[in-house]
Every structure is written in structure tokens, then in C-alpha cells.
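Here is the structure we will look at.
None of the values given here were measured: they were computed from a predicted structure.
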Amino acid sequence: MSKPTPISGFPEWLPAQRMIEQNIVERIRATFELYGFAPLETRAVEPLDQLLRKGETSKEVYVLRRLQEEPGAQSADSLGLHFDLTVPFARFVLENSGKLQFPFRRYQIQKVWRGERPQEGRYREFLQADIDVVDRDDLPFHYDTEMPLVIGDAFASLPIPPATILVNNRKVCEGFYRGLGLDDPDQVLRTVDKLDKIGPEKVAALLVETAGATDAQARACLELASISTADASFVDAVRALGVDNPLLDEGLEELVRVVEAGVEHAPGLIRAELKIARGLDYYTGTVYETQLQGYERFGSICSGGRYENLATAGNERFPGVGISIGVSRMLGLLFGQNALGVSRSVPTCVVVALPAEELRPACDRIARSLRSRGISTEVAPSAAKFGKQIRFAERRGIPYVWFPGADGAADTIKDIRSGDQVEADASTWQPTAGDLTPVVSGS
RNA sequence: GUGGUCGUAGCUCAGCUGGUAGAGCACCGGGUUGUGGUCCCGGGGGUCGCGGGUUCAAGUCCCGUCGGUCACCCCA
């Protein structure tokens, strides 16, 4: 059999990277819980009509199919792997609304699948860390202002470059476009979103061509898109463009609240960026996008927004707002730049040296004693020369080697980084706090 | 899904206009008969991503495919 090869878009990290991922996920989880979000996991599959029910394109949904399927089976394409965590969540809320208390806030950290063409930081199977809040009938707006604060805290707890959360509001754009007399806001939005890639001239031309805009209207759209401020001053800039529309007013008012909450909570975290349109099709108001400083060219690693109608069935309506960290994407980018490191490639803190195979039971007792006090320990694989046993630890970044005392002498422990070796008792010895578990750091 | 580009040892790469593979680092062993990281000596390891084709002969040319990456699409 020939050597197996990777499957495009399905990344597998090495243990050191997986330790970093676990560490980061744990910090994100802790922050989510600090804000009172409750844990939730939904199944990997959803009925295809649920996944596609928001109208839109066929997405790149993977369907589930049995290998040994009866020919002509009807239900072949009825299940698909979820491509985000918001749609399954909306379904879950509808299904369990009777058992939940509202407003309901939950987090979900799970794999999702998209059949997109992979490249660095873009995968077909990847991990998302998602928070959402939904309420019955109406969701107070202050939750829109809370989302970026949670993310800001989560990111601040990670060894990564500072994050900037870019915020916009669909109502601002739509209201502005309608106030201008353009009646296909979605088309305008899609076109304006290409601004960074194709430049203002081409966007203007496209607006005239595909959205029925006049040159003046196109220019106004570009001026709106150029507005970017770290405080509420964007309102004046928009007003100066002289467009009047009730939806625009509503959007501006909302956006101001988000930005001001951010300024109060963590200066520099948030920017009002009126050109961003991103996010799935179900967003109706606030939209978020996040860049890491120094990684702007890699795009957003965390995004979300307000959705008014996603969880709706009959008379029941559960508007929500949420945001999702692209954990795999973020890690892939940072790994690619060698921007994350871990102090050792295994959890092990202490290797117990094995003087002779007959002494393995005694060494196992030492290990058991250390483990009982929470110190990750393994016994050397064989009674090789001590030099090799030390090297075994060194290769993995394990900081300590334990030497059982011979002939009744006291045991000793060696810090192989400094070479210091001191007497120690397995029932009381403690590593320094920084050595107990692997340390993840930016680099 | 469309197009571009790349794919030689674990890693970084060399291999001229085709003549059946090399370096550095890493790894293993010995010098150092049980306490490593220096130094010296020696060693293992590659179906040149995979499969076809052209040719007396292909890592080197052609086609396909898989994988990485970039752009489009879309988005974490």
C-alpha cells in the first residue's frame, strides 16, 4: 500500500499544535462562561431543507449518504453536514423552545464543514467557537453591543496580536441606498463589498452596470463605504452626505450604541467600518468582522451579526444575535507565520529515569505518587544509559528528569534546562507553577 | 466549482540544453562501560507526490490525477 496522503481541506495538527488549540479553546470557553453563556452541542447533520431554507445558493453543503444504499432510495440527499453553528442553533431553539428560558444564551464549539476550495486558513472542515443570544418575539438591542465585548475579552486572554472588531449595520447601508433612490440594496451591498479587491473605479462602474445606479449615486455609495471611525463621529460623516431615510436613522442609532459600548469597555477594540457587508444572508442589522493586527490581508477570523428571522416557525419568532470565532482559520494563519509556540510537545512534566528494568515497579510507584498530586509523569521507555534517558526528555521539551536513589540514597530531580539536580521526595516535590503544564505563547 | 503556480530524504534546498540522485540541519551508533546539550568518527533513510505517455534513456519533456498555495466564488 502506498503512503497515505492528506485530504485537501481537512487539516490535521501535530500534538504540539493540538495542545495549543486545546489551550486556546479552553480560554475562549472560559470567557464565554464568564459571560453566562451555556454550553450546547448539536448533532453534525441537519435535514438538507433546514440547511438550505434561507433561500440562497446551494451552499457547499456535504450530504450524507450510505455506501450500501438501496438503489433508488429516496432519502439519499436528505441529510447534510452543518456549514455553521447558527443555523443548527436556530433549529434547536425552535425544536426545544418549550424547555428553554428566554433570553437564551449559549455557546457552541464544534466542527463545521464547507465544500470550498481550501487555501491557507480556509478549510473544508474547521472549528468554530460561536455565541448567540435569542429571545422570544423581540431581542433587546443591548445584546448587539455585548457580543464584541465578549470577543474582545476572549481574544485579550490569548497570546495573539491585538484584534480589531469592525462593525457595520445593514440598516445603515440599506437605508442609505434606498434614500438615494436605489431599490436593490442587496446588489449594491455585494458590489460595494468588493471595494478592497477591485478598487473604487471598478465598483462604481459595476454599480452603474448591475445596480442601475447613476454616476452620482455610485459616488455616494463609495463615499459611505469610505467612512471608518473609532468613535461615534461616523454619524456626522454620514449626515454630511445628505441622504435622508428612516431606516438609515435607525441603523445609525444602533451602530452608535455598539461603538460607544466598545469604546467604554476596551478602547481601540472596535471600529465603525461602513464598507463591510460580510456575513451570511440572514443578517438584518448589526454585522461584525474581526481582523488581527498584522494579519489584515488574511481577512476576518471572527464574524457574525443580528438575525431577525432565522428562527421562525408559524407564529413563533426568535430573533437573535451572535458571533463566531474561526478557531481553525485563526490557528492556521498563526501557525503559518510561526506566531504561536508551546513550551513542550507533550503534557509530561517529569520523566522518571529507569536505572534497570527490574526497578520498573519502584519507578512506577514514584510516578504514581507524582501523578496523584497532579504532576504529569511518565517512566522512561527503557533502562538505557542515563544520557539517553535525559535526551528522551530533552527532545520533547520535558523539563525534569527524576533519578531514583540507588542503595537507599535519596531520590534526586534534575532540571535539564539548568542542569541543577537536587534531592527530592516524590510525595512532596512540586514543579514551579510555570512548569506544571505546557505554556502556550505568541512568538 | 473555475483558472494560475508549485510538489526531490524528517526539514531547507541543489541537480546545466533528458544519460538511472546530492548537501546542510535533523536522526541513529561509537569515541565517553549508565547524567544530555560541544567536538570527532561512522551509519540508516528517497518507488524524485502518484499514474500513464514520448525516448535507447525522464527527477529533468507531454497528459492525467492527488496534495500545497494564490486569484475568482464565497466566507471562519
Side-chain angles (χ1 to χ4, degrees), chain A residues 1-12 14 28 56-61 82-86 108-130 151 163 190 193-194 196-198 202 276-283 287-292 295 297-305 322-334 336 338 351-357 359 380 382-406 412-421:
Chain A
M1 193 162 119
S2 58
K3 190 177 179 181
T5 55
I7 298 176
S8 183
F10 292 78
E12 295 182 308
L14 291 167
I28 291 171
E56 281 311 311
T57 54
S58 61
K59 289 292 175 196
E60 279 76 9
V61 173
H82 57 226
F83 58 86
D84 72 3
L85 299 175
T86 310
Q108 244 175 288
I109 301 175
Q110 288 179 244
K111 289 279 179 65
V112 306
W113 296 268
R114 290 181 196 174
E116 278 288 348
R117 181 73 114 225
Q119 46 187 265
E120 187 171 47
R122 305 190 55 178
Y123 308 108
R124 292 175 143 157
E125 177 181 72
F126 58 97
L127 189 65
Q128 282 195 328
D130 186 288
I151 297 303
R190 271 181 137 55
D193 192 44
K194 298 178 192 295
D196 286 339
K197 292 194 172 171
I198 65 177
K202 287 185 178 171
I276 70 161
R278 295 301 183 85
L280 281 326
D281 31 298
Y282 43 71
Y283 295 130
V287 290
Y288 314 101
E289 194 170 299
T290 309
Q291 299 175 337
L292 290 185
Y295 290 77
R297 75 178 186 87
F298 292 105
S300 178
I301 54 155
C302 171
S303 67
I323 188 164
S324 191
I325 301 173
V327 178
S328 303
R329 176 176 176 75
M330 181 172 80
L331 289 175
L333 298 176
L334 293 169
N338 267 313
V351 169
V352 179
L354 184 66
E357 198 53 46
L359 294 175
S382 68
K385 289 185 191 175
F386 283 153
K388 285 189 187 159
Q389 300 197 38
I390 290 170
R391 203 157 62 195
F392 172 93
E394 190 201 5
R395 292 282 144 75
R396 288 153 235 260
I398 298 167
Y400 298 102
V401 176
W402 190 281
F403 291 95
T412 56
I413 187 156
K414 181 187 182 81
D415 180 332
I416 65 174
R417 295 157 302 186
S418 62
D420 295 343
Q421 188 163 348

Distance, P atom - from B:G42 to B:G24, rounded to whole angstrom: 12 Å

C1' spacing across the pair B:G51 / B:G59, given as an integer number of angstrom: 16 Å

Interface polar pairs with nucleotides 66-73 of chain B, N/O, under 3.5 angstrom:
from  : atom 1 : to       : atom 2 : distance (Å)
B:G67 : OP1    : A:Ser8   : N      : 3.1
B:G68 : OP1    : A:Gly9   : N      : 3.4
B:G68 : OP2    : A:Ser8   : OG     : 2.5
B:C70 : OP2    : A:Glu120 : N      : 2.8
B:A71 : OP2    : A:Gln119 : OE1    : 2.9
B:C72 : OP2    : A:Lys197 : NZ     : 3.2
B:C73 : OP1    : A:Lys194 : NZ     : 2.8
B:C73 : O2     : A:Glu116 : OE1    : 3.4
B:C73 : N4     : A:Arg122 : NH1    : 2.6

Touch class at under 4.0 angstrom, heavy-atom based, for A:Phe403 against every strand present: base

Residues that A:Glu12 engages under salt bridge (charged side-chain N to carboxylate O under 4.0 Å, His left out), provided they are two or more places apart: none

Give me, pair by pair, the N or O atoms of the protein and of nucleotides 29-31 of chain B that are less than 3.5 Å apart, along with how far apart they are.
from  : atom 1 : to       : atom 2 : distance (Å)
B:G29 : OP1    : A:Lys388 : NZ     : 3.2
B:G29 : OP2    : A:Arg391 : NH2    : 3.4

From CG (A:Asp130) to CD1 (A:Ile109), nearest 0.5 Å: 9.5 Å

Rounded distance in Å between the C1' positions of B:U12 and B:A71: 27 Å

Base of B:G36 and ring of A:Phe386 stacked, centres under 5.5 Å, planes under 30°: no

Whole-Å P distance, B:C48 and B:C61: 15 Å

Side-chain atoms of residues 116-124 of chain A: list all donor-acceptor pairs with protein atoms under 3.5 Å, sequence neighbours left out, distances to 0.1 Å.
from     : atom 1 : to       : atom 2 : distance (Å)
A:Tyr123 : OH     : A:Gly121 : N      : 3.4
A:Arg124 : NE     : A:Tyr62  : OH     : 3.3
A:Arg124 : NE     : A:Glu116 : O      : 3.0

Atom C1', compared across B:G4 and B:G43: separation rounded to whole Å: 44 Å

Integer angstrom distance from the P of B:G68 to that of B:U33: 48 Å

Flag for A:Gln421-A:Thr412: side-chain donor and acceptor within less than 3.5 Å: yes

Pairwise C1' distance for B:A14 and B:U55, with rounding to whole Å: 26 Å

Along RNA chain B (nearest heavy atom to each residue), the more 5'-positioned of A:Gln389 and A:Met330: A:Gln389

Protein-nucleic acid N or O pairs under 3.5 Å, nucleotides 43-46 of chain B:
none

No-H, no-angle donor-acceptor pair, A:Gln421 side chain to B:U35 base, under 3.5 Å: yes

Sequence-aligned protein contact record of nucleotides 5-13 of chain B, with B where the base is within under 4.0 Å of a protein heavy atom and S where only the sugar-phosphate is: ---------

